Amino acid sequence: MPSVGQRGGGGDLTVLAVTAALFLGATLAGAQPPVAVEALPVDAELRTLVEGPDMAAIRARGEGVLPELAALYRSGDEELRADVAAVWYGLGWKSEEAKELLLADFDTEHEQLRITAQWAAGRVSNDPEVMKALVRNLLLDPNPLFRDKAACALASDQIHLDDTQRWVFFERIIALLEAPSLETRWLAIRILEDNTGQRKGFDPGAPPAARAEAVARWRRWLEEIGEEL
Amino acid sequence: MSRLITSLLLVAAALVAPAPAAAHDAEPGILFAYSFEADEDLATGPDTFAVFELRRGEVSLSDLFRTSGFYSVEIRDVADDGDFPELQAYFPRRETGWLFLRFAILFTDPAAPFDVALAGPQHYTLRPGGIAFWLRSRANGHLVHVSDSFPRKLFVPRPFVWYEVDLAYDVDAGRYDLRIFEEGRDEPLVDLRDRPNATASPGGAVDQLSFVGDRGDRTSTVLYVDDVAVGVEEALRLDPFVAPGRRRLFVDRLPTLLALAPALAPTPAGDDDATPEAVAVAELQALAAADPMAAALAGDGELARYAAWSSEGRHAEARDLARLAAEDADVARDAPRAAAWRELAADAALRHGDAAEALLLYREILPAIDPPARLLLKLSDVHHLLGDVEAERRLRETVFGRLD
């Protein structure tokens with residue numbers, strides 16, 4: 001997913017906030033605090049594997065490694081947390097605990113941690129909160145790199161969605177095609193294209209009437225696949 | 001050898017060597033046909049099929065279930081082993097007209113993940129020229145086909161029952177008719193007409209077919225495949241096999257260092273970056289960039305003379321030039337460049353008809369480097385020409401696998 005770091009179009013923050021509220025259909029409250037769990041002792045050997053990373057050895061431990069990784073995440077600084085997030089990304093195993101911890105870092109300014117947490121969250125969970133948080137970052141983060149990487153996560157890393165959730169996912173992203181921000185529209189069509197291989201003729205820079213026709217095509221498609229469900 | 005390397009090699013081969021003209025032998029209209037019987041020629045290769053067993057998953061002949069003869073192919077996945085087994089079939093690229101695909105498939109657990117995909121030069125991606133037809137399972141046991149970018153329910157298969165899939169694909173329109181028959185029933189369970197392909201995009205070429213286990217690596221999927229056939233309407237005839245698994249020798253179809261070295265020159269970015277040709281060139285550049293021997297040749301002044309002599313058929317002179325260049329590189333202690341020139345010398349020797357000399361030259365390179373797949377496959381050619389059946393097979397199967 002190419003960076004949009006050089007693109008303008010971030011827009012007025014108030015407009016973005018209103019847009020986000022409309023598209024998210026929710027308040028702009030931050031992520032919930034992590035679920036309180038009994039703390040496991042940190043596994044020093046696991047830390048070494050995570051820092052490698054030695055994915056084969058980690059994978060060989062089976063799903064029992066997930067709470068151990070969570071313990072490592074809680075105990076670590078930002079760099080270690082980024083390493084653990086990368087392991088969760090690579091495993092692609094669902095973990096409620098991992099999701100909570102990753103969402104808590106969706107506001108960090110540490111670049112590597114932020115990007116990896118955004119990418120990994122959809123690979124450990126199909127909780128709708130993940131998508132909401134990513135769309136929020138796509139719309140509102142003041143850093144264009146983080147907005148772009150949130151879009152990348154939406155494009156490529158929502159791997160546990162069932163068909164109904166995927167329909168909701170498409171509904172949300174298609175709604176972004178009507179955003180006032182050119183950047184948002186551009187990111188949204190890239191997400192749709194990565195997931196479907198299609199643009200249905202949508203050009204984010206085209207005049208409003210042309211864009212509206214393409215959005216209508218997307219909505220008809222959405223309606224048709226909704227009937228499949 | 002990874003499936004990525006094999007795919008990159010095939011893309012590169014299509015770029016640097018033209019597709020064979022239709023000629024000779026083979027049954028008219030049939031591009032690919034296997035019943036997977038023990039007395040069939042099951043040589044893997046770029047014009048037949050590849051078997052990927054990169055971890056603990058397996059692809060093998062089985063006599064447990066079959067629709068004809070004595071055997072079928074069993075694809076047996078192992079959960080959490082870091083990869084998935086795959087049978088990947090290749091046929092001459094079709095860019096127009098109708099293509100007909102038929103195969104039989106049996107599920108031991110219909111809810112276990114699997115994928116069958118007909119694809120083109122963009123491989124198994126959701127983009128034009130990528131996946132054209134995609135059949136897969138859902139966790140609720142439903143068989144689905146992905147049409148217009150969304151899975152469409154078909155039916156819930158029964159375990160241990162054969163299903164025959166019959167596809168007629170209009171390459172130009174990017175649409176297909178799909179029928180699926182259940183064993184023992186005359187009427188199709190599925191009879192769909194004129195459905196858009198996976199990305200609702202017309203005009204994408206197709207040249208490969210894949211059967212895989214669980215790409216998500218969470219399930220020990222086991223399924224059986226039999227009687228796979230791909231055909232076209234017209235009476236197309238194919239070049240005969242010149243060696244096991246291939247209708248052209250690897251040395252004539254793989255990117256030579258000569259092709260890779262220019263690929264290292266940067267190309268200007270433009271609006272055509274997303275075209276299939278641009279993507280294929282980018283993949284060739286990736287292959288070249290990952291090969292230290294190709295990189296070592298970039299900017300070498302002797303390349304132009306070698307290339308000219310090679311194109312003029314002056315292979316003995318090209319060989320001698322390359323050997324001298326290798327010796328110069330030895331003196332300069334430039335090991336990658338020396339290895340690269342030795343490979344070019346070996347290629348020229350092979351084209352000159354001297355397989356024995358080519359073998360010696362290729363072997364000179366081997367200890368010094370981690371041999372790229374390209375080199376192993378050309379050695380396979382050499383051993384074929386020298387009559388060493390076992391060595392030919394062993395080298396070819398390092399890349400394309402083996403169906404036991």
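Order of the sequence lines fixes the chain letters, A, B, ..., with proteins taken first and strands second; residue numbering starts at 1 for each chain. Quick caveat, the model's predicted, so the values are computed rather than measured.
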Whether the [X] and [Y] side chains hold a donor-acceptor pair (N or O, under 3.5 Å, no angle test) is what I'd like checked.
X: Thr199(B); Y: Ser201(B); answer: yes
X: Asn197(B); Y: Tyr169(B); answer: yes
X: Thr96(B); Y: Asp172(B); answer: yes
X: Asp115(B); Y: Tyr124(B); answer: no
X: Gln208(B); Y: Tyr90(B); answer: no

- [ ] Say whether, by atom type as modelled, one donor and one acceptor occur between the side chain of Gln158(A) and the main chain of Ala153(A) under 3.5 angstrom.
- [x] yes

TODO: Look at the side chain of Thr221(B) and the backbone N and O of Asp77(B), then say whether any donor-acceptor pair between them is shorter than 3.5 Å.
DONE: no

Task: Contacts with chain B made by residues 114-128 of chain A (heavy-atom distance under 4.5 Å), listed by residue number - done: none

Open item on the list: Using only non-hydrogen atoms and a strict under-4.5 angstrom cutoff, which residues of residues 211-229 of chain A touch chain B?
Closed with: Trp221(A), Glu224(A), Ile225(A), Glu228(A), Leu229(A)

Compile the donor-acceptor pairs under 3.5 Å between side chains in residues 196-210 of chain A and protein atoms, sequence neighbours left out, one pair per line.
{"residue": "Thr196(A)", "atom": "OG1", "partner": "Leu192(A)", "partner atom": "O", "Å": "2.7"}
{"residue": "Thr196(A)", "atom": "OG1", "partner": "Gln198(A)", "partner atom": "N", "Å": "3.0"}
{"residue": "Thr196(A)", "atom": "OG1", "partner": "Gln198(A)", "partner atom": "O", "Å": "3.4"}
{"residue": "Gln198(A)", "atom": "OE1", "partner": "Lys200(A)", "partner atom": "NZ", "Å": "2.9"}
{"residue": "Gln198(A)", "atom": "NE2", "partner": "Asp148(B)", "partner atom": "OD1", "Å": "2.7"}
{"residue": "Gln198(A)", "atom": "NE2", "partner": "Ser149(B)", "partner atom": "OG", "Å": "2.6"}
{"residue": "Arg199(A)", "atom": "NE", "partner": "Glu193(A)", "partner atom": "OE1", "Å": "3.0"}
{"residue": "Arg199(A)", "atom": "NE", "partner": "Glu193(A)", "partner atom": "OE2", "Å": "3.4"}
{"residue": "Arg199(A)", "atom": "NH2", "partner": "Glu193(A)", "partner atom": "OE1", "Å": "3.4"}
{"residue": "Lys200(A)", "atom": "NZ", "partner": "Asp148(B)", "partner atom": "OD1", "Å": "3.3"}
{"residue": "Asp203(A)", "atom": "OD1", "partner": "Gly205(A)", "partner atom": "N", "Å": "2.9"}

- [ ] Begin from the C-alpha positions of Phe107(B) and Phe114(B) and carry the test side-chain contact (heavy atoms from CB on, under 4.5 Å) through to its verdict.
- [x] CA-CA 9 Å; Phe107(B) 309 100; Phe114(B) 81 95; 3.2 Å; yes

Open item on the list: Centroid separation under 6.0 Å, is that true for the rings of Phe211(B) and Phe103(B)?
Closed with: yes

Open item on the list: For residues 150-158 of chain B, give me every residue with a non-hydrogen atom less than 4.5 Å from any non-hydrogen atom of chain A.
Closed with: Phe150(B), Pro151(B), Arg152(B), Lys153(B)

Open item on the list: side-chain contact (heavy atoms from CB on, under 4.5 Å), that's the test. Do Phe91(B) and Leu99(B) meet it? Break it down for me.
Closed with: CA-CA 11 Å; Phe91(B) 51 87; Leu99(B) 180 126; 3.7 Å; yes

Task: Steps toward side-chain contact (heavy atoms from CB on, under 4.5 Å) verdict (Glu111(A), Leu145(A)) - done: CA-CA 9 Å; Glu111(A) 186 173 298; Leu145(A) 176 65; 3.5 Å; yes

Open item on the list: Is Arg55(B) close to chain A through its backbone or its side chain, or both, or neither, when contacts mean heavy atoms under 4.5 Å?
Closed with: neither

Open item on the list: Checking Glu68(A) against Arg61(A) for the salt bridge (charged side-chain N to carboxylate O under 4.0 Å, His left out) test, could you report, in this order, the C-alpha distance in whole Å, the side-chain angles of both residues, the deciding distance, and whether it holds?
Closed with: CA-CA 10 Å; Glu68(A) 296 171 350; Arg61(A) 290 190 172 205; 3.5 Å; yes

Task: Which portion of Asn195(A) sits near chain B, non-hydrogen atoms under 4.5 angstrom - done: backbone

TODO: Would you please classify the geometry between the His145(B) ring and the Tyr176(B) ring as parallel, tilted or perpendicular, with 30° and 60° separating the classes?
DONE: perpendicular

